[in-house]
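Per chain, numbering begins at 1; letters A, B, ... match sequence-line order. Heavy atoms only: backbone and side chains are in, while hydrogens, waters and symmetry mates are out.
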Amino acid sequence: MLRVDALQAIYPEVKDQIVVTIMGAVAAELYTLGHRPNFFYLEHAMGLASSMGLGIAVAMPRHKVVVIDGDGSLLMNLGTLSTMARYSPGNLVHIVFDNASLLSVGGFPTATATGTDLAGVARACAIPQVTESDTPEQLKGAVAGALAGGTLTTIVAKVEAVGPKSFHMDLPLLENRFQFKRALEALRQHD
Amino acid sequence: MPVSLANSEVIYEALKACDVRIISALPETWLVHLIRMADDDPEVTLIRVAKEEEAIGISAGAHLAGISSALLMQNHGFLAAINPIVSLALLYKIPLLMLISYRGHMGERDPWQTQGGMVTEPLLRTLGIPVWHLSNPDDAQRRIKDAQTLAHASLSPVAVLLTRELMWEE
């Protein structure tokens, strides 16, 4: 599966949710599908998108939070799975695109290329719901199900190590940051 | 255990006066009472992290969601979190209220703490992070509140160094 097809499939499910993505190809592809003020692209601090998502989910329990992670990022912060599992916010959906590659920085293989099983790690860390998706349709169903349910879910989706031609996004980091904060503020006003 | 319970209570009250609702922490001896108080407080969510890096992400998320948070960490935890402090908090202008137990400084008997103690302040200054020392419990309320005020006004991390004089009863 191509990540861009997977993102396109889940876009209708996530477009009105609070979304935090990792840097690089994921951010550029989601941005290109259609930026929303409720999307935050963590363009650095690799590994911390899930920690940010956890902070938002705990702070805004009435709202759904979707984290779009990657294998390289998650491997840099595996402890996040144990911390998320410990608090298990039911409003958090953690999608991991696993292309077995550090695609955005030269395409070097990650440890998932040599057998590390991130879904297995998530299960062993006691994430209450862990699923794997192999097609865009499966992923769409898994994301819709996780958003409709109230259980912390990690969804691992294997994708090809293919990214966009350009990683350019016409959105300065700080503009994204302040716009996102205002979008969350507006959501909180309906609480 | 000669960690000061009375002064931990003073610090905790100061955090409450700052309307802190999320506290992230990684257990460390000087912080035991503070962590227990956060754990017992129904108004506060305590998030025990596996590594301090996570806490920077958690506090960043909480800030963007409009909730005040604080971080409890040892100075070696601050050292462990330097990359996300730089490439998340400083890069994205995220305020952080970091309460850092200042191990390895004057009076330290544990040799393994001393190297981290000696580099803590130089590194904070190199990063441009404003620093308060907290040695006198009478200063706690004012200094912690002022640190939070500066963090929010400057959209920057600030550090409150919890010293041996405050935390440890010989």
Response to the item:
When the 4.5 angstrom heavy-atom criterion is applied to Ile85(B) and chain A, the contacting part is neither
Worksheet, complete the sentence: Smallest heavy-atom separation, Leu46(B) atom then Tyr87(A) atom, equals O-CE2, 3.3 Å
Worksheet item: Would you say the side chains of Glu54(B) and Thr80(A) form a donor-acceptor pair under 3.5 Å?
Response: no
Practice prompt. Give, as side chain, backbone, both or neither, the part of Lys51(B) having an atom under 4.5 angstrom from any heavy atom of chain A.
Written response: neither
Practice prompt. Run the numbers on Met52(A) and Ile58(B) for side chain to side chain contact (heavy atoms under 4.5 Å, CB included), then give the verdict.
Written response: CA-CA 5 Å; Met52(A) 278 190 74; Ile58(B) 290 163; over 6 Å; no
Item to complete: Apply side chain to side chain contact (heavy atoms under 4.5 Å, CB included) to the pair Glu53(B) and Met76(A), showing each step before the final yes or no.
Response: CA-CA 10 Å; Glu53(B) 285 192 45; Met76(A) 281 199 192; over 6 Å; no
Item to complete: Pull out the residues in residues 15-46 of chain A that come under 4.5 Å of chain B, heavy atom to heavy atom, sorted by number.
Response: Phe40(A), Tyr41(A), Leu42(A), Glu43(A), His44(A), Ala45(A)
Worksheet item: Short question: side chain of Tyr92(B), backbone of Phe178(A) - any donor-acceptor pair under 3.5 Å?
Response: no
Worksheet item: Top residue by heavy-atom pair count (under 4.5 Å) with chain A, among Asn83(B), Leu91(B), Ile56(B)?
Response: Leu91(B)
Worksheet item: Which region of Leu88(B), side chain (C-beta onward) or backbone (N, CA, C, O), has a non-hydrogen atom less than 4.5 Å from a non-hydrogen atom of chain A, or is it both or neither?
Response: both
Worksheet item: What is the minimum heavy-atom distance between Arg177(A) and His63(B), and which atoms define it?
Response: NH2-NE2, 3.1 Å
Item to complete: Determine the minimum heavy-atom distance between Arg48(B) and Arg86(A), stating which atoms define it.
Response: CD-NH2, 3.2 Å
Fill in: Considering all heavy atoms, the nearest Ala59(A)-Ile67(B) contact
CB-CG1, 3.5 Å
